[in-house]
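Working notes, beginning with the structure itself.
Note: hydrogens, waters and symmetry copies are ignored here, and every other heavy atom, side chains too, is used.
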Amino acid sequence: MSKKKQIFKNIVNLIILFLSMELINILVKGIPEFSNIDLRLIFIFIVANSMGIKYGIVFAILSSISYIIQNYNGASYIDVIFLNTNNWLQIVVYLIFAIIIGLKHDKDSLKLKLLQDSIDDSKEKEETNKKMIELYKNELKEFNQVLLTHEKTYTQVSEFIQKLSNVKYDNEKISQLLKVMLNNDTCELTTMQSIHEHLDKEKLDIMNKNHIWINKNLKKELPCYIAPILLEDQDLAIIIWKCDFEQMNIDYRNQIIGISKIIKYVLSH
């Protein structure tokens, strides 16, 4: 329920309870058994205990007005009402009673709200954890599926990393590994300086962004692929001078990028 609807509902209930109190007071007026019972205190308790301190105080004020009207109906002077300390005592009792009961209600409501918020947070965290667990399970299934369908490829990558860790900066041995991994006899790992003559401004911009350059126009005097490996001490590059037609595709490009990242990681550690 929205806040505005709740306020409207409380106001309607307040009016209904006040009118009910007045009606009961009229009905029991003159009955000796009810002469010592202050129904206003009972209704103040009901309002403050169910709606809180604000509505309790409002009802206490309305009850005070009702009390004054009932006891001084037909009085000639206002002074008679307000100079009588008994009237003030009754009003103070109404207000204090409303405040005490209302404070208890508001305190209990706050505790209940905090508890509900805590429960909601726990449920939200639990739902998030469930989603994360489900996501991990799906990713694990996908990874297992990839391993099953590409077992040979991942075995090659594992062996490549192990061999690469041993050869380190031996470019010639790494080049031999590249030929096996990329299934191409024209692979070469070299320094960026050694291929500077092949790099114009466009290619240099691509290299500086650590992106692979592809010979899309298939110019014979240029390599088919140049994959930069930018390190702290020296900049290397994987050069593939010639490719079969079926190797000029996105899958082969991604394979080169993956291999270059592996080399960069191993050489950086």
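The shortest non-hydrogen separation linking Leu222 to Trp213 is CD1-CH2, 4.0 Å. Nearest heavy atom pair, residue Met51 against residue Leu17, reads CE-CD1, 4.1 Å. Taking all atoms of both residues into account, the shortest heavy-atom contact from Asn25 to Leu39 is OD1-CD1, 3.4 Å. The two residues Leu230 and Lys264 make their nearest non-hydrogen contact at O-CE, 3.2 Å. When all heavy atoms of Ala60 and Ala98 are compared, the closest pair comes out as CB-CB, 3.9 Å. In terms of heavy atoms, Tyr94 sits closest to Ser64 at CD1-OG, 3.5 Å.
The distance from the CD1 atom of Ile53 to the CD1 atom of Ile99 is 5.5 Å, given to the nearest 0.5 Å. Interatomic distance, Asn129 CG to Glu124 CD, rounded to the nearest 0.5 Å: 11.0 Å. Taking CD1 of Ile11 as the reference point, atom CD of Gln6 lies at 10.5 Å (rounded to 0.5 Å). Expressed to the nearest 0.5 Å, how far CD1 of Ile7 lies from NZ of Lys54 amounts to 8.0 Å. The line from NE2 of His211 to CD1 of Ile226 is 15.0 Å long, rounded to the nearest 0.5 Å. To the nearest 0.5 Å, atoms OG (Ser50) and CG (Asn10) are separated by 8.0 Å.
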Assess the residue pair Ile61 and Leu95 against the criterion (side-chain contact (heavy atoms from CB on, under 4.5 Å)); give the C-alpha distance rounded to whole Å, side-chain angles, the decisive distance to 0.1 Å, and a yes or no. CA-CA 7 Å; Ile61 293 171; Leu95 289 172; 4.1 Å; yes
Can you list the steps and then say if Ile229 with Leu189 is a side-chain contact (heavy atoms from CB on, under 4.5 Å)? CA-CA 10 Å; Ile229 302 174; Leu189 180 68; 3.9 Å; yes
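Side-chain contact between Leu103 and Lys107 is absent, with no heavy atoms from C-beta onward closer than 4.5 Å.
Neither Leu110 nor Ile100 shares a network with the other; the hydrophobic side chains, linked directly or stepwise wherever heavy atoms of I, L, V, M, F, W or Y lie under 4.5 Å apart, form separate groups for each. Each of Leu182 and Ile250 belongs to its own hydrophobic cluster when Ile, Leu, Val, Met, Phe, Trp and Tyr are linked at side-chain heavy-atom distances under 4.5 angstrom. Taking hydrophobic clusters as Ile, Leu, Val, Met, Phe, Trp and Tyr residues chained together by side-chain heavy-atom distances below 4.5 Å, Ile44 does not share a cluster with Leu23. Cluster annotation: Ile26 is not connected to Phe18 through the hydrophobic network of ILVMFWY side chains, with a link wherever side-chain heavy atoms come within less than 4.5 Å. Phe8 and Ile15 fall into different hydrophobic clusters, where Ile, Leu, Val, Met, Phe, Trp and Tyr side chains are chained together by heavy-atom contacts under 4.5 Å.
The environment of Ile119 atom CD1 is dense: over 12 non-hydrogen atoms of other residues, nucleotides or ligands sit within 6.0 angstrom. In this structure, Glu246 places its CD atom where more than 12 heavy-atom neighbours from other residues, nucleotides or ligands lie under 6.0 Å away. Within 6.0 Å of atom CG in Asp117, more than 12 heavy atoms from other residues, nucleotides or ligands are found, so the atom counts as buried in its surroundings. Heavy atoms from other residues, nucleotides or ligands lying under 6.0 Å from CG of Asn254 number more than 12.
Ionic pairing of Glu134 and Lys130 is not present here: no N-O contact between side-chain nitrogen and carboxylate oxygen is shorter than 4.0 angstrom. Between Asp108 and Lys104, at least one side-chain nitrogen of the basic residue sits less than 4.0 Å from a carboxylate oxygen of the acidic one, meeting the salt-bridge criterion.
In this view, Cys243 and Asn184, Cys224, Tyr225, Ile240, Gln247, Met248, Tyr252 satisfy the side chain to side chain contact (heavy atoms under 4.5 Å, CB included) rule, not counting sequence neighbours.
Using modelled atom types, no side-chain atom of Ser66 and backbone atom of Leu62 make a donor-acceptor pair closer than 3.5 Å. Looking only at distances, no side-chain donor or acceptor of Ser118 sits under 3.5 Å from a matching main-chain atom of Leu114.
At a cut-off of 3.5 Å, with distance as the only test, no side-chain donor of Gln255 or Asp251 sits close to an acceptor on the other residue.
Checking Ile239, Ile238, Ile256 one by one against Leu178, the side chain to side chain contact (heavy atoms under 4.5 Å, CB included) holds for a single residue, Ile238.
Ring planes of Phe59 and Phe43: parallel class, angle under 30° (limits at 30 and 60°).
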